[in-house]
Amino acid sequence: MSAPHLTKETWFFDDFFAPATKADDRLEDCNAIMQGRSILDEAKIDGHPFFLYATSSRESLRVWAMQESVVTNHFSQVLFAMLALINNVHVRSILVPVVWDEHSSLRNGVAFRSHPQLLANLIADLGIEKSKIKPLPFTLRFADLLTDSISSLLYALGVLGIGNESMLIPEYIAVEKAFAAHYPKKLYSPFLRANIEEDKTHSRLLEVAAACLIRNHDDENEYVRGAHEGVNGRLQYYDALLSHCQT
């Protein structure tokens with residue numbers, strides 16, 4: 001998970017400096033992006049039975065918050081690692097707002113608007129002891145998927161873009177409805193709303209970056225493979241979470 005080594009044979013000026021002109025215009029003409037969106041739509045994550053179960057199980061939402069605290073911070077780290085793989089300065093710049101929103105500025109030594117910190121606040125408001133939070137096996141498997149995605153840039157953009165940022169929007173809307181059955185809005189809204197609203201922008205920026213980098217059929221296949229495995233990985237995560245909560 002580091003920047004690639006430079007060699008004389010693989011260094012080409014335009015790879016690093018060619019402007020990302022009309023980047024937004026490439027989206028609708030990019031078949032791989034359209035396929036990624038279709039994979040997400042077909043998954044129907046907001047209809048996963050975990051969310052219905054959570055409307056009648058407050059404890060399942062506490063488990064969700066504990067495991068999500070592991071995933072959210074890890075995802076923020078992996079985003080930085082992915083940016084290091086992008087040679088082109090202009091394409092990296094497309095994604096700077098994504099990592100910035102995930103982290104925010106500091107206030108008294110705290111990244112107070114960062115997504116991990118907002119979740120830490122939710123953990124505290126739920127009365128969960130930090131010592132009780134340990135990643136469960138299915139959480140570690142999903143974290144491994146995020147980490148391993150960095151083996152290929154276009155694959156990573158599919159996993160992190162479609163399988164996480166885009167997927168998170170309907171997913172967290174479903175989580176929000178489950179929380180509303182048990183808790184006051186002021187408790188869960190800061191974390192969930194920050195993610196839902198900001199990820200609308202983040203998911204599009206990740207698509208724009210991918211569209212700029214997809215140059216051939218192999219690139220398309222890698223992106224779609226990442227989208228497919230990212231979406232499936234998250235569905236499997238919720239399958240395991242539901243099973244854990246029901247036992």
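Remember, predicted model here, so these are calculated numbers, not experimental data.
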Asker: With the threshold set at 4.0 Å, does a side-chain nitrogen-carboxylate oxygen contact exist between Arg234 and Glu68?
Answerer: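 Glu68 and Arg234: salt-bridged.
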
Asker: Could you state the interatomic distance from CG (Leu79) to NE2 (His103), rounded to the nearest 0.5 Å?
Answerer: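 Here the rounded value is 7.5 Å.
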
Asker: Does the side chain of Phe16 reach to within under 4.5 Å of the side chain of Leu6, using non-hydrogen atoms?
Answerer: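 A side-chain contact exists here, since the closest heavy-atom pair is under 4.5 Å.
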
Asker: Given side chains that start at C-beta, do those of Val159 and Val78 come closer than 4.5 Å, heavy atoms only?
Answerer: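 A side-chain contact is absent here, since even the closest heavy-atom pair is not under 4.5 Å.
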
Asker: As an exercise, state the distance from CD1 of Ile162 to CD1 of Ile33, rounded to the nearest 0.5 Å.
Answerer: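 The CD1 atom of Ile33 is 6.5 Å from CD1 of Ile162, to the nearest 0.5 Å.
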
Asker: Under 4.0 Å between a side-chain nitrogen and a carboxylate oxygen: does that hold for Glu176 and Lys185?
Answerer: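 Salt bridge: no.
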
Asker: Identify the two heavy atoms, one from Ala111 and one from Ser104, that lie closest to each other, and give their separation to 0.1 Å.
Answerer: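 Minimum heavy-atom contact is C-OG, 3.4 Å.
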
Asker: Through direct or indirect side-chain contacts below 4.5 angstrom among Ile, Leu, Val, Met, Phe, Trp and Tyr, which residues connect to Val110?
Answerer: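 The other cluster members (ILVMFWY side chains, heavy atoms under 4.5 Å, direct or chained) are Phe112.
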
Asker: Treating Ser166 as the side-chain partner and Gly161 as the backbone partner, does any N or O pair qualify as donor plus acceptor under 3.5 Å?
Answerer: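 Yes; judged by distance alone, with no hydrogens or angles, the pair exists.
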
Asker: Quick one: pull up CG in Asn87 and CG in Asp14 and give me the separation to the nearest 0.5 Å.
Answerer: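 That separation rounds to 12.0 Å.
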
Asker: Please list, chain by chain and in numerical order, all residues satisfying ring pair (Phe, Tyr, Trp, His ring centres under 6.0 Å) with Tyr183, sequence neighbours excluded.
Answerer: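 With neighbours one apart ignored, the set is Phe179.
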
Asker: Strictly distance-based, threshold 3.5 Å: is any side-chain N or O of His202 a donor or acceptor partner for the main-chain N or O of Glu165?
Answerer: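 No; zero donor-acceptor contacts below 3.5 Å.
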
Asker: Say whether Val224 and Met34 are linked into one hydrophobic cluster, either directly or through other cluster members, by side-chain heavy-atom distances under 4.5 angstrom.
Answerer: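 Shared cluster, yes.
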
Asker: Determine whether Trp100 and Leu206 fall in the same hydrophobic cluster, where Ile, Leu, Val, Met, Phe, Trp and Tyr are linked whenever their side-chain heavy atoms lie under 4.5 Å apart.
Answerer: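 No, it is not one cluster - the side chains of Trp100 and Leu206 are not joined through contacts under 4.5 Å.
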
Asker: Taking side chain as C-beta onward, heavy atoms only, is Met82 less than 4.5 Å from Val98?
Answerer: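 No; the side chains remain at least 4.5 Å from each other.
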
Asker: Only pairs under 3.5 Å count here: list side-chain donor-acceptor contacts from residues 116-142, not counting sequence neighbours, and write none if there are none.
Answerer:
{"residue": "Gln117", "atom": "NE2", "partner": "Asn121", "partner atom": "OD1", "Å": "2.8"}
{"residue": "Thr139", "atom": "OG1", "partner": "Gln67", "partner atom": "OE1", "Å": "2.6"}

Asker: Would a 4.5 Å heavy-atom cut-off, applied to side chains only, mark His228 and Arg225 as touching?
Answerer: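 Side chain of His228 against side chain of Arg225, heavy atoms only: no contact under 4.5 Å found.
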
Asker: Between Met167 and Leu235, is there a side-chain heavy-atom distance shorter than 4.5 Å?
Answerer: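 Contact flag for Leu235/Met167 side chains = yes.
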
Asker: Looking only at atom types and distance, does a side-chain atom of Ser149 sit under 3.5 Å from a main-chain N or O of Leu146, one as donor and one as acceptor?
Answerer: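 Between the backbone of Leu146 and the side chain of Ser149 there is a qualifying donor-acceptor contact (under 3.5 Å).
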
Asker: Can you tell me which residue pairs pass the side chain to side chain donor-acceptor pair (under 3.5 Å) test with a partner in residues 32-52, sequence neighbours excluded?
Answerer: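 Non-adjacent pairs meeting side chain to side chain donor-acceptor pair (under 3.5 Å): Arg37-Glu207, His48-Asp239.
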
Asker: Going only through I, L, V, M, F, W and Y residues with side-chain contacts under 4.5 Å, is there a path from Phe80 to Leu95?
Answerer: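 Linked within one cluster.
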
Asker: Might you point out which heavy atoms bring Ala178 and Ala54 nearest each other, and give the distance in Å?
Answerer: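 Taking every non-hydrogen atom into account, CB-CB, 3.8 Å.
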
Asker: Is it true that Leu192 and Leu187 fall in one hydrophobic cluster, defined by side-chain heavy atoms closer than 4.5 Å?
Answerer: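 Leu192 and Leu187: one cluster.
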
Asker: Is any side-chain heavy atom of Asp199 closer than 4.5 Å to a side-chain heavy atom of Glu102?
Answerer: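 Side-chain contact under 4.5 Å: yes.
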
Asker: Which distance, rounded to the nearest 0.5 Å, do you find between the CD1 of Ile169 and the CG of Asn195?
Answerer: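 Nearest 0.5 Å value for the CD1-CG distance: 10.0 Å.
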
Asker: Asp218: which residues meet the side-chain contact (heavy atoms from CB on, under 4.5 Å) condition with it, sequence neighbours left out?
Answerer: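 Checked Asp218 against side-chain contact (heavy atoms from CB on, under 4.5 Å); matches are Asn216.
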
Asker: Tell me which one of Leu213, Leu154, Ile150, Leu157 satisfies side chain to side chain contact (heavy atoms under 4.5 Å, CB included) with Leu85.
Answerer: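 When side chain to side chain contact (heavy atoms under 4.5 Å, CB included) is applied between Leu85 and each of Leu213, Leu154, Ile150, Leu157, only Ile150 qualifies.
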
Asker: Checking the side chain of Asn88 only, and the main-chain atoms of Ala18 only, is there a donor and an acceptor separated by less than 3.5 Å?
Answerer: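 Answer holds: yes.
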
Asker: Heavy atoms only: give me the nearest Phe50-Cys245 pair and the separation to one decimal.
Answerer: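 So the two residues come closest at CE1-SG, 4.2 Å.
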
Asker: Do you know which of Tyr53, Tyr172, Tyr188 makes ring pair (Phe, Tyr, Trp, His ring centres under 6.0 Å) with Trp64?
Answerer: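 So, applying the ring pair (Phe, Tyr, Trp, His ring centres under 6.0 Å) to Trp64 and each of Tyr53, Tyr172, Tyr188, only Tyr172 qualifies.
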
Asker: Can the ring centres of Phe75 and His115 be said to be less than 6.0 Å apart?
Answerer: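 No, the ring centres sit 6.0 Å or more apart.
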
Asker: With a 4.5 Å limit on heavy-atom distance, are the side chains of Tyr237 and Leu145 in contact?
Answerer: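 Result no, sub-4.5 Å side-chain heavy-atom pair not found.
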
Asker: Treat each ILVMFWY residue as a node, draw an edge where side-chain heavy atoms are under 4.5 Å apart, and state whether Leu52 and Ile45 are in one component.
Answerer: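 Different clusters: Leu52 never reaches Ile45 through Ile, Leu, Val, Met, Phe, Trp or Tyr contacts under 4.5 Å.
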
Asker: Quick one: pull up CZ in Arg204 and CD1 in Ile94 and give me the separation to the nearest 0.5 Å.
Answerer: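 Answer rounded to 0.5 Å: 11.0 Å.
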
Asker: Taking only residues two or more places apart in sequence, or in another chain, which ones meet Glu59 in a side-chain contact (heavy atoms from CB on, under 4.5 Å)?
Answerer: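 Listed in chain order: Ser57, Arg62, Val63.
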
Asker: Give a yes or no on whether the backbone of Met66 and the side-chain of Ser69 come within a donor-acceptor separation of less than 3.5 Å.
Answerer: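 At least one qualifying donor-acceptor pair exists.
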
Asker: Before giving the answer on side chain to side chain contact (heavy atoms under 4.5 Å, CB included), spell out for Arg92 and Val89 the whole-Å C-alpha distance, their side-chain angles and the decisive distance to 0.1 Å.
Answerer: CA-CA 5 Å; Arg92 285 200 307 274; Val89 61; 3.8 Å; yes

Asker: Provide the closest heavy-atom pair for Ala32 versus Ile214 in the form atom of the first, atom of the second, distance.
Answerer: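 Result for this residue pair: CB-CD1, 3.8 Å.
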
Asker: Distance from Phe51 atom CZ to Ser60 atom OG, nearest 0.5 Å?
Answerer: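 Separation between the atoms: 10.5 Å.
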
Asker: For the pair Asp101 and Lys200, find out whether any cationic side-chain nitrogen is under 4.0 Å from an anionic carboxylate oxygen.
Answerer: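 So Asp101 does not pair with Lys200 through a salt bridge.
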
